[in-house]
Amino acid sequence: MQNSTTVSHPLVMTLTFGEMTSIKYLYCVFVLVGYVLINLANSTVIAVIHLCETLQKPMYIFISTLCFNGLYGSFAFYPSLFINLLYKAQTISYVGCILQVFTIHTYGANEMTILTVMGFDRYVSICNPLRYNTIMSMNTVYKLIAGAWLYSFFLTIIHIILTIRLPLCDSVILKIYCDNWSVVRLSCVDTTVNNIYGIFIIVAILVIMPLLVFISYVEILRVCARSSKDFRSKALQTCAPHLISITNYLVDVLFELILYRLTPTNFPYALRVFMSVNFLVVPPLLNPLVYGFKTREIRIKMAKLLLRKLCQ
(Lines give C-alpha, C1' and ligand atoms only; values in the text may rest on other atoms or scores of the structure.)
Protein backbone atom coordinates (compact mmCIF):
# COMPACT_ATOMS: atom_id res chain seq x y z
CA MET A 1 0.00 0.00 0.00
CA GLN A 2 1.52 3.30 -1.10
CA ASN A 3 -0.99 5.93 0.09
CA SER A 4 -4.55 6.23 1.35
CA THR A 5 -6.21 7.44 -1.85
CA THR A 6 -7.69 4.57 -3.85
CA VAL A 7 -7.64 4.85 -7.62
CA SER A 8 -9.33 1.96 -9.41
CA HIS A 9 -6.90 1.82 -12.33
CA PRO A 10 -4.55 4.71 -13.15
CA LEU A 11 -4.47 5.56 -16.84
CA VAL A 12 -0.67 5.79 -16.84
CA MET A 13 1.98 3.87 -14.89
CA THR A 14 5.41 5.37 -14.17
CA LEU A 15 8.44 3.14 -14.63
CA THR A 16 11.58 3.54 -12.50
CA PHE A 17 14.57 4.16 -14.76
CA GLY A 18 16.59 6.06 -12.14
CA GLU A 19 20.27 6.43 -13.00
CA MET A 20 19.76 5.04 -16.51
CA THR A 21 18.37 8.37 -17.74
CA SER A 22 21.72 10.12 -17.21
CA ILE A 23 23.29 8.16 -20.10
CA LYS A 24 20.09 7.05 -21.79
CA TYR A 25 21.42 7.34 -25.35
CA LEU A 26 24.24 4.90 -24.58
CA TYR A 27 21.66 2.47 -23.16
CA CYS A 28 19.56 3.01 -26.29
CA VAL A 29 22.48 1.77 -28.38
CA PHE A 30 22.92 -1.31 -26.16
CA VAL A 31 19.18 -2.05 -26.32
CA LEU A 32 19.07 -1.66 -30.11
CA VAL A 33 22.16 -3.82 -30.67
CA GLY A 34 20.84 -6.47 -28.27
CA TYR A 35 17.45 -6.57 -29.96
CA VAL A 36 18.97 -6.82 -33.44
CA LEU A 37 21.32 -9.62 -32.35
CA ILE A 38 18.47 -11.56 -30.72
CA ASN A 39 16.29 -11.26 -33.81
CA LEU A 40 19.14 -12.17 -36.15
CA ALA A 41 20.37 -15.17 -34.13
CA ASN A 42 16.95 -16.68 -33.37
CA SER A 43 15.56 -16.02 -36.87
CA THR A 44 18.63 -17.64 -38.43
CA VAL A 45 18.23 -20.84 -36.39
CA ILE A 46 14.49 -20.98 -37.12
CA ALA A 47 15.03 -20.38 -40.85
CA VAL A 48 17.78 -23.02 -41.14
CA ILE A 49 15.63 -25.64 -39.39
CA HIS A 50 12.58 -24.97 -41.52
CA LEU A 51 14.47 -24.66 -44.83
CA CYS A 52 16.35 -27.94 -44.46
CA GLU A 53 14.28 -31.11 -44.80
CA THR A 54 16.88 -33.18 -42.94
CA LEU A 55 16.28 -31.00 -39.86
CA GLN A 56 12.53 -31.68 -39.82
CA LYS A 57 12.94 -33.84 -36.75
CA PRO A 58 11.47 -33.48 -33.23
CA MET A 59 14.63 -32.18 -31.55
CA TYR A 60 15.11 -29.42 -34.13
CA ILE A 61 11.42 -28.49 -34.17
CA PHE A 62 11.63 -28.01 -30.39
CA ILE A 63 14.76 -25.88 -30.82
CA SER A 64 12.98 -23.64 -33.35
CA THR A 65 10.04 -23.33 -30.91
CA LEU A 66 12.43 -22.28 -28.13
CA CYS A 67 13.98 -19.67 -30.44
CA PHE A 68 10.53 -18.40 -31.44
CA ASN A 69 9.69 -17.96 -27.76
CA GLY A 70 12.87 -15.90 -27.41
CA LEU A 71 11.63 -13.59 -30.20
CA TYR A 72 8.21 -13.41 -28.51
CA GLY A 73 9.65 -12.41 -25.14
CA SER A 74 12.09 -9.93 -26.64
CA PHE A 75 9.29 -8.19 -28.55
CA ALA A 76 7.49 -7.61 -25.24
CA PHE A 77 10.57 -6.04 -23.63
CA TYR A 78 13.02 -4.36 -26.00
CA PRO A 79 10.83 -2.01 -28.14
CA SER A 80 9.08 -0.63 -25.05
CA LEU A 81 12.42 -0.17 -23.25
CA PHE A 82 13.97 1.60 -26.27
CA ILE A 83 11.04 4.04 -26.62
CA ASN A 84 10.99 4.83 -22.89
CA LEU A 85 14.71 5.55 -22.88
CA LEU A 86 14.24 8.14 -25.63
CA TYR A 87 11.57 10.11 -23.77
CA LYS A 88 12.00 12.30 -20.69
CA ALA A 89 9.11 10.67 -18.81
CA GLN A 90 9.31 6.89 -18.60
CA THR A 91 5.64 5.92 -18.58
CA ILE A 92 3.36 3.21 -19.92
CA SER A 93 -0.42 3.05 -20.11
CA TYR A 94 -2.20 0.74 -17.65
CA VAL A 95 -3.50 -1.39 -20.54
CA GLY A 96 0.00 -1.49 -22.06
CA CYS A 97 1.43 -2.46 -18.67
CA ILE A 98 -1.03 -5.35 -18.24
CA LEU A 99 -0.32 -6.51 -21.81
CA GLN A 100 3.40 -6.47 -21.06
CA VAL A 101 2.79 -8.44 -17.85
CA PHE A 102 0.88 -11.07 -19.81
CA THR A 103 3.49 -11.35 -22.57
CA ILE A 104 6.53 -11.46 -20.28
CA HIS A 105 4.95 -14.02 -17.93
CA THR A 106 3.84 -16.28 -20.78
CA TYR A 107 7.34 -16.01 -22.28
CA GLY A 108 8.89 -17.05 -18.96
CA ALA A 109 6.47 -19.95 -18.46
CA ASN A 110 6.83 -21.06 -22.10
CA GLU A 111 10.60 -21.19 -21.71
CA MET A 112 10.30 -23.71 -18.89
CA THR A 113 7.54 -25.83 -20.45
CA ILE A 114 9.37 -26.04 -23.80
CA LEU A 115 12.63 -27.01 -22.05
CA THR A 116 10.66 -29.70 -20.18
CA VAL A 117 9.28 -31.10 -23.43
CA MET A 118 12.81 -31.08 -24.86
CA GLY A 119 13.97 -33.04 -21.80
CA PHE A 120 11.28 -35.65 -22.51
CA ASP A 121 12.44 -35.82 -26.13
CA ARG A 122 16.02 -36.49 -25.02
CA TYR A 123 14.76 -39.15 -22.59
CA VAL A 124 12.87 -41.02 -25.33
CA SER A 125 15.77 -40.65 -27.78
CA ILE A 126 18.36 -42.11 -25.39
CA CYS A 127 16.30 -44.52 -23.28
CA ASN A 128 13.96 -45.85 -26.00
CA PRO A 129 15.86 -45.38 -29.27
CA LEU A 130 14.08 -48.21 -31.11
CA ARG A 131 10.65 -46.76 -30.32
CA TYR A 132 11.68 -43.11 -30.77
CA ASN A 133 10.13 -42.58 -34.20
CA THR A 134 6.91 -44.22 -33.09
CA ILE A 135 6.58 -42.26 -29.83
CA MET A 136 7.85 -38.92 -31.14
CA SER A 137 5.85 -38.69 -34.35
CA MET A 138 5.37 -35.20 -35.83
CA ASN A 139 1.76 -35.30 -34.68
CA THR A 140 2.93 -35.92 -31.10
CA VAL A 141 5.56 -33.19 -31.41
CA TYR A 142 3.02 -30.54 -32.39
CA LYS A 143 0.64 -31.70 -29.64
CA LEU A 144 3.43 -31.35 -27.07
CA ILE A 145 4.29 -27.86 -28.33
CA ALA A 146 0.63 -26.79 -28.27
CA GLY A 147 0.24 -28.26 -24.78
CA ALA A 148 3.34 -26.41 -23.53
CA TRP A 149 2.04 -23.07 -24.81
CA LEU A 150 -1.57 -23.60 -23.66
CA TYR A 151 -0.40 -24.62 -20.17
CA SER A 152 1.54 -21.34 -19.85
CA PHE A 153 -1.23 -19.19 -21.34
CA PHE A 154 -3.93 -20.72 -19.12
CA LEU A 155 -1.92 -20.18 -15.91
CA THR A 156 -1.03 -16.60 -16.89
CA ILE A 157 -4.56 -15.59 -17.94
CA ILE A 158 -5.89 -16.51 -14.47
CA HIS A 159 -2.98 -14.55 -12.95
CA ILE A 160 -3.93 -11.48 -15.02
CA ILE A 161 -7.65 -11.73 -14.17
CA LEU A 162 -6.78 -11.78 -10.46
CA THR A 163 -4.56 -8.72 -10.94
CA ILE A 164 -6.89 -6.46 -12.96
CA ARG A 165 -9.63 -6.82 -10.35
CA LEU A 166 -7.41 -5.01 -7.80
CA PRO A 167 -7.82 -1.25 -7.21
CA LEU A 168 -4.46 0.51 -7.13
CA CYS A 169 -3.29 3.24 -4.73
CA ASP A 170 -0.21 4.24 -6.68
CA SER A 171 1.15 4.11 -10.21
CA VAL A 172 4.93 3.78 -9.72
CA ILE A 173 6.47 0.53 -10.96
CA LEU A 174 9.82 -0.20 -9.27
CA LYS A 175 11.26 -1.72 -12.46
CA ILE A 176 12.02 -0.66 -16.02
CA TYR A 177 9.19 -2.89 -17.23
CA CYS A 178 5.88 -4.19 -15.88
CA ASP A 179 5.54 -7.55 -14.22
CA ASN A 180 2.70 -8.97 -12.16
CA TRP A 181 4.26 -8.51 -8.73
CA SER A 182 5.10 -4.86 -9.47
CA VAL A 183 1.42 -4.15 -10.19
CA VAL A 184 -0.03 -6.26 -7.34
CA ARG A 185 2.15 -4.52 -4.74
CA LEU A 186 0.39 -1.21 -5.60
CA SER A 187 -2.99 -2.55 -4.50
CA CYS A 188 -4.94 -0.91 -1.67
CA VAL A 189 -6.81 -4.10 -0.79
CA ASP A 190 -5.83 -7.52 0.51
CA THR A 191 -3.83 -9.54 -2.04
CA THR A 192 -3.83 -12.92 -0.29
CA VAL A 193 -5.57 -14.66 -3.21
CA ASN A 194 -2.99 -13.24 -5.64
CA ASN A 195 -0.13 -14.33 -3.37
CA ILE A 196 -1.48 -17.87 -3.02
CA TYR A 197 -1.98 -18.18 -6.77
CA GLY A 198 1.52 -16.77 -7.32
CA ILE A 199 2.93 -19.58 -5.16
CA PHE A 200 0.81 -22.08 -7.11
CA ILE A 201 2.35 -20.83 -10.39
CA ILE A 202 5.86 -21.06 -8.94
CA VAL A 203 5.18 -24.69 -8.03
CA ALA A 204 3.49 -25.45 -11.40
CA ILE A 205 6.31 -23.93 -13.46
CA LEU A 206 9.46 -23.86 -11.35
CA VAL A 207 9.03 -27.00 -9.24
CA ILE A 208 7.03 -29.55 -11.24
CA MET A 209 8.67 -28.80 -14.61
CA PRO A 210 12.30 -28.97 -13.38
CA LEU A 211 11.37 -32.11 -11.41
CA LEU A 212 10.16 -33.78 -14.63
CA VAL A 213 13.43 -32.79 -16.34
CA PHE A 214 15.40 -34.15 -13.37
CA ILE A 215 13.56 -37.48 -13.57
CA SER A 216 14.29 -37.64 -17.32
CA TYR A 217 18.00 -37.09 -16.72
CA VAL A 218 18.14 -39.65 -13.90
CA GLU A 219 16.84 -42.23 -16.37
CA ILE A 220 19.29 -41.01 -19.02
CA LEU A 221 22.19 -41.36 -16.58
CA ARG A 222 21.08 -44.89 -15.67
CA VAL A 223 21.09 -45.89 -19.33
CA CYS A 224 24.47 -44.21 -19.93
CA ALA A 225 26.00 -46.00 -16.94
CA ARG A 226 25.20 -49.35 -18.60
CA SER A 227 26.32 -48.27 -22.08
CA SER A 228 29.58 -47.93 -23.97
CA LYS A 229 31.90 -44.93 -23.74
CA ASP A 230 30.98 -43.93 -27.31
CA PHE A 231 27.27 -44.00 -26.46
CA ARG A 232 27.86 -41.84 -23.36
CA SER A 233 29.82 -39.34 -25.43
CA LYS A 234 27.02 -39.01 -28.01
CA ALA A 235 24.38 -38.73 -25.27
CA LEU A 236 26.35 -35.95 -23.56
CA GLN A 237 26.77 -34.15 -26.87
CA THR A 238 23.02 -34.07 -27.53
CA CYS A 239 22.09 -33.21 -23.91
CA ALA A 240 24.72 -30.53 -23.21
CA PRO A 241 22.92 -27.61 -24.97
CA HIS A 242 19.68 -28.47 -23.18
CA LEU A 243 21.43 -28.62 -19.79
CA ILE A 244 23.12 -25.25 -20.44
CA SER A 245 19.81 -23.62 -21.42
CA ILE A 246 17.79 -24.95 -18.49
CA THR A 247 20.51 -24.18 -15.92
CA ASN A 248 20.85 -20.63 -17.22
CA TYR A 249 17.07 -20.13 -17.18
CA LEU A 250 16.66 -21.38 -13.60
CA VAL A 251 19.53 -19.17 -12.35
CA ASP A 252 18.02 -16.14 -14.12
CA VAL A 253 14.57 -16.80 -12.64
CA LEU A 254 16.16 -17.24 -9.21
CA PHE A 255 17.30 -13.60 -9.45
CA GLU A 256 13.67 -12.59 -10.07
CA LEU A 257 12.38 -14.63 -7.12
CA ILE A 258 14.95 -13.03 -4.82
CA LEU A 259 13.65 -9.62 -5.87
CA TYR A 260 10.07 -10.77 -5.26
CA ARG A 261 10.78 -11.97 -1.71
CA LEU A 262 12.96 -9.05 -0.62
CA THR A 263 12.29 -5.32 -0.82
CA PRO A 264 13.74 -4.15 -4.18
CA THR A 265 14.82 -0.77 -2.82
CA ASN A 266 17.21 -2.57 -0.44
CA PHE A 267 19.37 -3.49 -3.45
CA PRO A 268 21.71 -1.07 -5.27
CA TYR A 269 19.94 0.25 -8.37
CA ALA A 270 22.36 -1.29 -10.90
CA LEU A 271 22.11 -4.71 -9.24
CA ARG A 272 18.31 -4.44 -9.14
CA VAL A 273 18.14 -3.76 -12.87
CA PHE A 274 20.59 -6.58 -13.65
CA MET A 275 18.62 -9.09 -11.57
CA SER A 276 15.27 -8.07 -13.06
CA VAL A 277 16.24 -8.16 -16.75
CA ASN A 278 18.54 -11.18 -16.76
CA PHE A 279 15.88 -13.74 -17.75
CA LEU A 280 14.68 -11.43 -20.55
CA VAL A 281 18.13 -10.71 -21.97
CA VAL A 282 20.31 -13.81 -21.54
CA PRO A 283 18.14 -16.80 -22.69
CA PRO A 284 17.07 -15.23 -26.04
CA LEU A 285 20.75 -14.57 -26.80
CA LEU A 286 22.20 -17.76 -25.33
CA ASN A 287 19.76 -20.34 -26.76
CA PRO A 288 20.42 -19.73 -30.49
CA LEU A 289 24.17 -19.50 -29.84
CA VAL A 290 24.21 -22.76 -27.86
CA TYR A 291 22.01 -24.65 -30.32
CA GLY A 292 23.38 -22.95 -33.44
CA PHE A 293 27.05 -23.50 -32.67
CA LYS A 294 26.97 -26.54 -30.34
CA THR A 295 24.57 -28.66 -32.41
CA ARG A 296 26.67 -30.04 -35.26
CA GLU A 297 23.82 -30.64 -37.74
CA ILE A 298 22.49 -27.07 -37.44
CA ARG A 299 25.99 -25.63 -37.67
CA ILE A 300 26.73 -27.58 -40.88
CA LYS A 301 23.42 -26.65 -42.53
CA MET A 302 23.88 -23.02 -41.53
CA ALA A 303 27.33 -22.95 -43.14
CA LYS A 304 26.03 -24.61 -46.33
CA LEU A 305 23.17 -22.16 -46.69
CA LEU A 306 25.52 -19.23 -46.11
CA LEU A 307 28.00 -20.50 -48.73
CA ARG A 308 25.18 -21.05 -51.21
CA LYS A 309 24.02 -17.45 -50.76
CA LEU A 310 27.56 -16.09 -51.13
CA CYS A 311 28.14 -18.10 -54.32
CA GLN A 312 25.00 -16.90 -56.05
Side-chain angles (χ1 to χ4, degrees), residues 34 37-50 55 57-77 104-126 136 141 144-145 147-149 151-152 202 204-221 224 234-257 274-275 277-299 301-302:
L37 287 175
I38 285 171
N39 276 275
L40 184 62
N42 285 281
S43 298
T44 300
V45 173
I46 293 170
V48 168
I49 290 170
H50 287 275
L55 296 180
K57 297 176 182 177
M59 184 177 77
Y60 304 115
I61 299 297
F62 291 136
I63 290 171
S64 68
T65 305
L66 189 66
C67 289
F68 177 79
N69 189 56
L71 293 176
Y72 170 73
S74 299
F75 180 73
F77 175 64
I104 286 176
H105 280 261
T106 49
Y107 152 76
N110 284 340
E111 193 82 3
M112 191 65 245
T113 55
I114 294 166
L115 286 168
T116 302
V117 168
M118 292 173 76
F120 174 70
D121 175 67
R122 292 300 82 208
Y123 160 74
V124 177
S125 174
I126 294 169
M136 299 301 293
V141 167
L144 286 169
I145 291 170
W149 280 74
Y151 182 77
S152 303
I202 289 173
I205 298 295
L206 298 177
V207 176
I208 293 175
M209 296 293 122
L211 182 61
L212 292 174
V213 174
F214 176 76
I215 292 170
S216 296
Y217 274 100
V218 167
E219 292 301 313
I220 288 171
L221 287 172
C224 289
K234 288 180 179 178
L236 178 62
Q237 192 174 24
T238 59
C239 291
H242 181 253
L243 286 170
I244 292 170
S245 293
I246 199 166
T247 302
N248 171 73
Y249 172 79
L250 291 173
V251 170
D252 292 341
V253 172
L254 180 63
F255 286 152
E256 271 292 280
L257 291 179
F274 171 79
M275 291 173 72
V277 304
N278 221 42
F279 89 106
L280 290 163
V281 173
V282 179
L285 269 174
L286 181 68
N287 290 337
L289 294 178
V290 167
Y291 286 108
F293 292 100
K294 287 289 289 181
T295 307
R296 183 173 176 273
E297 291 80 1
I298 294 178
R299 188 169 66 244
K301 294 297 181 183
M302 199 180 294

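For the atom pair Phe279 CZ and Leu254 CG, the distance stands at 13.0 Å (nearest 0.5 Å). To the nearest 0.5 Å, atom NE2 of residue His50 and atom OG of residue Ser64 are 3.5 Å apart. The CG atom of Asn39 sits 11.5 Å away from atom SG of Cys67, with the distance rounded to the nearest 0.5 Å. The CG atom of Leu144 sits 11.5 Å away from atom CD1 of Ile114, with the distance rounded to the nearest 0.5 Å. Rounded to the nearest 0.5 Å, atoms CG (Leu236) and SG (Cys224) are 8.0 Å apart. Taken to the nearest 0.5 Å, the CE atom of Met118 stands 8.5 Å off from the OG1 atom of Thr65.
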Evaluate Phe214 against Val218 for side-chain contact (heavy atoms from CB on, under 4.5 Å), listing each step before the verdict. CA-CA 6 Å; Phe214 176 76; Val218 167; 3.7 Å; yes
Begin from the C-alpha positions of Arg122 and Met59 and carry the test side-chain contact (heavy atoms from CB on, under 4.5 Å) through to its verdict. CA-CA 8 Å; Arg122 292 300 82 208; Met59 184 177 77; 3.5 Å; yes
Output, in order, the C-alpha distance, side-chain angles, deciding distance and verdict of side-chain contact (heavy atoms from CB on, under 4.5 Å) for Ile246 and Met112. CA-CA 8 Å; Ile246 199 166; Met112 191 65 245; 3.4 Å; yes
Would you sort out whether Ile145 and Ile61 count as a side-chain contact (heavy atoms from CB on, under 4.5 Å), showing the intermediate values? CA-CA 9 Å; Ile145 291 170; Ile61 299 297; 3.7 Å; yes
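Residues Ile126 and Cys239 form a side-chain contact, since some pair of their non-hydrogen atoms from C-beta on lies under 4.5 Å apart. Here the side chains of Pro283 and Asp252 are in contact, with some heavy-atom distance below 4.5 Å. Looking only at side-chain heavy atoms (C-beta outward), Ser245 and Leu115 come within less than 4.5 Å of each other. At a threshold of 4.5 Å between non-hydrogen side-chain atoms, the residues Leu66 and Val45 do not count as touching. Glu111 has its side chain within reach of Asn287: a pair of non-hydrogen atoms, C-beta onward, lies under 4.5 Å apart.
The salt bridge (charged side-chain N to carboxylate O under 4.0 Å, His left out) test applied to Glu219 returns Arg222, not counting sequence neighbours. Annotation: side-chain hydrogen bond (donor to acceptor under 3.5 Å, both in side chains) contacts of Asn42 (sequence neighbours excluded): none.
With hydrogens and angles ignored, the 3.5 Å screen pairs no side-chain donor or acceptor of Ser125 with any backbone N or O of Asp121. Tyr249 places a side-chain N or O within donor-acceptor distance of the main-chain N or O of Gly108, the cut-off being under 3.5 Å. A side-chain donor-acceptor contact under 3.5 Å links Asn69 to the backbone of Tyr107. Between the side chain of Asn248 and the backbone N or O of Ile244 there is no donor-acceptor pair closer than 3.5 Å.
Looking at Val117, Thr116, Val124 one by one, the single match for side-chain contact (heavy atoms from CB on, under 4.5 Å) with Phe120 turns out to be Val124.
Between Ile205 and Pro210 the shortest heavy-atom distance is O-CD, 3.3 Å. Counting all heavy atoms, side chain and backbone alike, Leu250 lies closest to Leu206 at CD2-CD2, 4.3 Å.
Taking the centre of each ring, Tyr217 and His242 come in below the 6.0 Å mark.
A tilted orientation is assigned to the rings of Trp149 and Phe68, their planes being inclined by 30° to 60°.
Judged by distance alone, the side chains of Thr106 and Tyr72 do bring a donor and an acceptor atom under 3.5 Å apart.
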